[in-house]
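Heads up: the structure comes next, in structure tokens.
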Amino acid sequence: MVASTRIKHRWDTRDYADISDVRYVCASLRVTFSDGTQVSVAIADLAEYGIANHEWPEARSETHHVAVPTRHGDVEIPWDVIRALTDQEFATFLVNHAAASARLVGARLRDLRRQRAMEQPELARFVGVPVETIDRLESGELDVDFDLEERILGALGVTRDEAFA
């Protein structure tokens, strides 16, 4: 039996993500992807990576990231960061996907809390956050970070595997 794969978006293909070349040109990176797309990213847009100006010319392409040797070791810039900075449709997709995930996680946490007959104020006290934080998480308005999710699941007496199986 052969499973078919549907490609809905151009980013659903390997060639969209695979980086074939990178060049440093005039304070920007010119990145070529396997699908033939060439994009240019200003290094100012990558400032959060803490790479010194003199280190950028040594950037090299790896399959799914750009690696920049620094005095502290290689810094990796993932393909999706580059695409999100240069492809507005992909960036919008990521934002929408994150919002949908936040809603699903929030709904699951709410269901688990209710199954345990626990009210929001009680859960908030257990995990040490304001009630508003629990409310915003459960409604999908706030994306839960790993630490807070672990604390909530611990207060509810379930593991991540049990919660999201």
Side-chain angles (χ1 to χ4, degrees), residues 1 3-19 29 31 33 41 43-52 55 59-165:
M1 176 179 221
S4 66
T5 304
R6 288 189 347 193
I7 296 175
K8 294 181 185 179
H9 309 284
R10 64 183 173 282
W11 49 83
D12 293 335
T13 65
R14 171 176 241 139
D15 287 344
Y16 183 84
D18 288 353
I19 297 172
L29 289 181
V31 180
F33 288 89
V41 181
I43 61 170
D45 292 338
L46 301 168
E48 69 187 75
Y49 288 92
I51 300 168
E55 294 170 327
R60 67 181 185 277
S61 62
E62 302 283 338
T63 303
H64 292 104
H65 62 270
V66 170
V68 183
T70 72
R71 63 186 175 116
H72 302 292
D74 281 2
V75 174
E76 297 177 352
I77 304 167
W79 73 270
D80 56 341
V81 169
I82 296 166
R83 285 294 197 174
L85 289 169
T86 60
D87 181 342
Q88 185 58 51
E89 187 179 358
F90 181 65
T92 300
F93 167 79
L94 290 178
V95 168
N96 292 339
H97 184 70
S101 293
R103 287 189 301 274
L104 289 171
V105 169
R108 181 64 180 139
L109 294 175
R110 181 185 57 241
D111 291 345
L112 288 167
R113 178 183 57 76
R114 287 178 176 168
Q115 287 171 10
R116 281 142 185 83
M118 187 182 288
E119 297 296 323
Q120 285 183 344
E122 183 181 7
L123 180 58
R125 276 193 308 279
F126 270 116
V127 297
V129 298
V131 176
E132 294 78 22
T133 299
I134 300 298
D135 186 54
R136 291 184 64 216
L137 285 171
E138 290 183 358
S139 66
E141 295 173 31
L142 182 65
D143 198 16
V144 64
D145 65 44
F146 182 80
D147 178 59
L148 181 55
E149 182 179 299
E150 284 295 308
R151 290 181 6 231
I152 290 171
L153 293 174
L156 296 173
V158 296
T159 66
R160 174 176 276 110
D161 288 343
E162 293 166 338
F164 298 105

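Computed from a predicted structure; not experimentally measured.
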(request) Examine distances only and state if a side-chain atom of Asn96 and a backbone atom of Phe93 form a donor-acceptor pair shorter than 3.5 Å. (result) no
(request) Supply the atom-to-atom distance Trp79 CH2 to Thr63 OG1, rounded to the nearest 0.5 angstrom. (result) 13.5 Å
(message) Has Arg116 got a side-chain atom pairing as donor or acceptor with Leu156's backbone, closer than 3.5 angstrom?
(response) yes
(message) Show the nearest heavy-atom pair for residues Ile82 and Val66, with the distance to one decimal.
(response) CD1-CG2, 3.6 Å
(request) Nearest 0.5 Å please: distance from the NE2 atom of His65 over to the CG atom of Asp74. (result) 7.5 Å
(request) Could you tell me which non-hydrogen atom of Ala91 sits nearest to which non-hydrogen atom of Ala84, and how far apart they are? (result) CB-O, 3.4 Å
(message) Filter on salt bridge (Lys or Arg N to Asp or Glu O under 4.0 Å), then keep only pairs touching residues 149-165, sequence neighbours left out; what's left?
(response) Asp147-Arg151, Glu149-Arg160, Glu150-Arg160
(message) Are Phe126 and Met118 packed together at the side-chain level, in the sense that at least one heavy-atom pair is separated by less than 4.5 angstrom?
(response) yes
(request) Mind checking salt bridge (Lys or Arg N to Asp or Glu O under 4.0 Å) for Glu62 and listing every partner two or more places apart, or none if nothing turns up? (result) Arg60
(message) Distance check, rounded to the nearest 0.5 Å: Thr133 atom OG1 versus Leu142 atom CG?
(response) 6.5 Å
(request) Using the test ring-ring contact (aromatic ring centres under 6.0 Å, His included), find all partners of Phe33 that sit at least two apart in sequence or belong to another chain. (result) none
(message) Taking the side chain as everything from C-beta on, heavy atoms only, tell me whether Pro78 gets closer than 4.5 Å to Val81.
(response) yes
(message) Going by the rule salt bridge (Lys or Arg N to Asp or Glu O under 4.0 Å), which residues pair with Glu55 if we only count those two or more places apart in sequence or in a different chain?
(response) none
(message) In the structure I gave you, are the side-chain heavy atoms of Leu137 and Val105 within less than 4.5 Å of one another anywhere?
(response) no
(message) Any non-hydrogen side-chain atom of Leu123 less than 4.5 Å from a side-chain atom of Val131?
(response) no
(request) Assess whether side chain to side chain contact (heavy atoms under 4.5 Å, CB included) is satisfied between Val158 and Leu112, documenting all intermediate values. (result) CA-CA 9 Å; Val158 296; Leu112 288 167; 4.1 Å; yes
(message) Is any side-chain heavy atom of Leu46 closer than 4.5 Å to one of Ile77?
(response) yes
(message) In the structure I gave you, are the side-chain heavy atoms of Tyr16 and Asp87 within less than 4.5 Å of one another anywhere?
(response) yes
(request) Answer yes or no: is there a side-chain heavy-atom contact under 4.5 Å between Glu138 and Gln120? (result) yes
(message) Testing the basics here: between Gln115 and Arg108, what is the closest heavy-atom pair and its distance to 0.1 Å?
(response) NE2-NH1, 3.9 Å
(request) Could you tell me the separation between the CZ atom of Arg136 and the CG atom of Asp143, rounded to the nearest 0.5 Å? (result) 11.0 Å
(message) Tell me every residue that passes salt bridge (Lys or Arg N to Asp or Glu O under 4.0 Å) with Arg14, counting only those two or more places apart in sequence or in another chain.
(response) Asp18
(message) So, taking the atom named CG in Asp45 and the one named CG in Leu29, what distance separates them when rounded to the nearest 0.5 Å?
(response) 10.5 Å
(message) Any non-hydrogen side-chain atom of Val129 less than 4.5 Å from a side-chain atom of Ile152?
(response) no
(request) State which residues pass salt bridge (Lys or Arg N to Asp or Glu O under 4.0 Å) with Glu89; sequence neighbours excluded, sorted by chain then number. (result) Arg10
